[in-house]
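First comes the structure, then the notes that go with it.
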Amino acid sequence: MSDRPLIVQSDRTMLLDVHSTAAAPCRDEIAPFSELVKSPEHLHTYLISAISLWNACSSGLDSKAIIDTLERWSRFSIPEPVDYFIRETCSRYGIVSFSPCDERTFFVCVEGSFHRAQLLSLPQVRRLLIDPDEETPRALMRDRGVLKLALIAKDYPVRDLIPLKKGPHLGLGLRSVRLSGSPFTVRPYQSQAFDSFWAGGRPGAGYGAVVLPCGSGKTIVGLVAMACLQTTTLILAPNVAALHQWRREILDKTTLDESLIGEYSALEKEIRPVTLCTYSMLAVSGGDDGEYRHLDLMEKQDWGLVIYDEVHVLPAPVFRFSANLQAVCRLGLTATLVREDGREKDVFTLVGPKRYDVPWSELEKDGYIAKAWCHELRVSLADSVMMDYATASGRGRHAIAATNPAKLDVVAALLERHSDRQILIIGQYLDQLEEIRRRFGFEMITGRMPNARREELYDAFREGRIKVLIVSKVANYAIDLPDASVAIQVSGTYGSRQEEAQRLGRILRPKEVDSHFYTLVSRHTVEESYSLNRQKFLVEQGYSYEVENWS
């Protein structure tokens, strides 16, 4: 049975023996209908969930094909509860489907009188139908996304058969040689990611999320999409620095003229055939009526493609924007679909299903991202804050533990240990970062700093003129600092798994030396419990994680 590397368990988890010679083909076949939960050294764990099965169904798989795959690779019989869950969950996909009617409306088709009666009894569904008592009711195109949300809330994923519109043509291609003069090629997994997203333009494709580790070149997948679809494109990203990175990448790797790229942010208000916009701009409401004026303006533009960078941080107002863009190609890019607010179903429904995923450890093994070592250093509370911590409560305790003054001596020791490296010192609390800046004299970037000055410091770090840079959470997302190989995290946002993935990603660009990610945690405090959640995420991605009592 050594050629059957999979163990399927009754709780719908699956254990994959990565040492088996059949591990790779097995992984490739189960990935379309399961979620990678953790990937440490010997056994990778996958989960079969409702969303993972609906992802598979949207790509053309059915319950029979999924169960046949499990029976082919499983070392033991498939547990009956798993078999039932797969058949029942897959059967729900397509019970409701949308099909075109005219320019203003679409048909809402529901299979079976039971499901029809159940859905029509829901006020949030019935109110969106024009003629609910007709055999095949209709709804307005403008309500397409809102209706999808109401249906997924009741576990009715929609099969959307309404064709995506073709946006205005925009001629551009990928360069074979960058402007910098070095060759440029798309990596195999980046091509596979786009192919999984686009699927030749067949119905039901052209929208969804691609999950790739930080540092692996998610932006390139977006550029491939732009070059292949050749249409007007809106790129949404978390901050202005990320927008500027997108601009650099577009100019360096595509033939698009700079005059066709616009920035829509707090600094600029340009709408061009390719427009770069921050999420925060769309989330800003104005006036007494509470309208989202920038969001409304973007909705009125004729986009052919919308790219959501770091789609896992999509703010709530942008869900409304996405609900109104269901006729447009939508590509989400992220290192993790984990959302601390639990709105993964909304991303699945409005942006689209997960189309591609690859384990971090696989890309590390192939040399596409740096080999990284993760260290948690436990630091005793400084005498000066022990009594303050003992008498504090709630968030006050976390703040005292996170800003423990004893951590500064550890920072000094790590700076000496890695004196030949480029180092990022990352933290949550500005007073703590300011204290580090005063003690060591390094430059510091926070959200209060003007964007122009931030860019100057990032450029100085990229060029090696600055060896150490202190950064707040403003640098969590989409900052390309390829030579950074050491990160010292002095404080974080409670137990945020998103943040841990992003901060580690700052040092994962491939390079000749291994990378080191240090997290400083105050011993015997609430910070230890928060660190367990962050630590679990990294271990599950296959990273070596060492815990050491520093003092």
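Taking 4.5 Å as the limit, every side-chain heavy atom of Phe98 sits out of range of all side-chain heavy atoms of Cys109. The side-chain heavy atoms of Met226 and Ile250, taken from C-beta on, include a pair separated by under 4.5 Å. Between Ile488 and Phe517, the closest side-chain pair of non-hydrogen atoms is not below 4.5 Å. Taking 4.5 Å as the limit, some side-chain heavy atom of Phe461 sits within range of a side-chain heavy atom of Leu424. Side-chain contact check for Leu305 versus Thr232: every heavy-atom pair is 4.5 Å or farther apart. Inter-residue side-chain proximity for Val471 and Ile425 is flagged as unmet; no heavy-atom pair is nearer than 4.5 Å. In this structure, Thr231 and Pro168 have side chains that are in contact, with non-hydrogen atoms separated by less than 4.5 Å. Proximity of Asp155 to Arg92: side-chain heavy atoms (C-beta onward) are separated by under 4.5 Å at one or more points.
For the pairing with Glu263, the side-chain hydrogen bond (donor to acceptor under 3.5 Å, both in side chains) check across His244, Arg272, Lys269, Arg247 returns one residue only, His244.
Among residues two or more places apart in sequence or in another chain, the salt bridge (Lys or Arg N to Asp or Glu O under 4.0 Å) test is passed with Arg104 by none.
A salt bridge links Lys148 with Asp160: at least one charged nitrogen is closer than 4.0 Å to a carboxylate oxygen. One finds a salt bridge joining Glu455 and Arg248 here, because a Lys/Arg side-chain nitrogen approaches an Asp/Glu carboxylate oxygen to under 4.0 Å.
Side-chain atoms of Trp198 do not come within 3.5 Å of backbone N or O of Cys228 as any donor-acceptor pair. With Arg178 contributing its side chain and Pro183 its backbone, the two residues share a donor-acceptor pair below 3.5 Å. Between the side chain of Arg454 and the main chain of Met449, a donor-acceptor pair closer than 3.5 Å is present. Between the side chain of Ser52 and the backbone N or O of Phe33, at least one donor-acceptor pair lies under 3.5 Å. Of the possible polar contacts, none joining the Asp309 side chain to the Leu236 backbone as a donor-acceptor pair under 3.5 Å is found. One N or O on the side chain of Lys511 and one on the backbone of Arg509 form a donor-acceptor pair closer than 3.5 Å. Under a 3.5 Å cut-off, the side chain of Ser97 and the backbone N or O of Gly94 do not form any donor-acceptor pair. Of the possible donor and acceptor atoms, one in the side chain of Thr69 sits under 3.5 Å from a partner among the backbone N and O of Ala65. Remark: the backbone N or O of Leu350 is paired with a side-chain donor or acceptor of Gln326 at under 3.5 angstrom. Side-chain atoms of Gln190 come within 3.5 Å of backbone atoms of Gly217 as a donor-acceptor pair (strictly under, hydrogens ignored).
Here the closest heavy-atom approach between residue Ala484 and residue Ser515 is recorded as O-OG, 4.4 Å. Of all heavy-atom pairs between Ala205 and Leu164, the closest is O-CD1, 3.5 Å. Closest approach of Val108 to Leu129, counting heavy atoms only: CG2-CD2, 3.9 Å. Taking every heavy atom of both residues into account, Arg138 and Asp102 meet most closely at NH1-OD2, 4.5 Å.
No cation-pi contact links Arg175 to Phe184, judged by a cut-off of 6.0 Å to the six-membered ring centre and 45° from its axis. For the pair Arg187 and Tyr368, the cation-pi test (distance below 6.0 Å, angle within 45°) is failed. Taking the centre and axis of the six-membered ring of Tyr458, the NZ or CZ atom of Arg453 falls outside the cone set by 45° and 6.0 Å.
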Given side chain to side chain contact (heavy atoms under 4.5 Å, CB included), test His44 with Arg27 step by step and report yes or no.
CA-CA 9 Å; His44 290 186; Arg27 182 196 65 224; 5.6 Å; no
May I have the step-by-step check of side chain to side chain contact (heavy atoms under 4.5 Å, CB included) for Trp246 and Leu223, ending in yes or no?
CA-CA 9 Å; Trp246 271 96; Leu223 300 186; 4.2 Å; yes
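Side-chain atoms of Ser58 and Asn55 include no donor-acceptor pair closer than 3.5 Å. Counting only N and O atoms by type, the side chains of Ser49 and Glu35 include a donor and acceptor under 3.5 Å apart. No side-chain donor-acceptor contact under 3.5 Å links Thr334 and Glu310. In this structure, a donor-acceptor pair under 3.5 Å is present between the side chains of Tyr356 and Gln192.
A tilted orientation is assigned to the rings of Phe197 and Phe194, their planes being inclined by 30° to 60°.
Note: Asn239 CG to Gln245 CD = 9.5 Å, rounded to the nearest 0.5 Å. Between atom OG1 of residue Thr105 and atom CZ of residue Arg144 there is a gap of 12.0 Å, rounded to the nearest 0.5 Å. Note: Ser34 OG to Leu47 CG = 8.0 Å, rounded to the nearest 0.5 Å. Of the inter-residue distances, the one linking Lys300 atom NZ with Ile271 atom CD1 reads 10.5 Å to the nearest 0.5 angstrom.
Within a 6.0 Å radius of NZ in Lys154, no more than 12 heavy atoms belonging to other residues, nucleotides or ligands are found.
Residue pairs meeting the salt bridge (charged side-chain N to carboxylate O under 4.0 Å, His left out) criterion with at least one partner in residues 214-224, sequence neighbours excluded, are absent.
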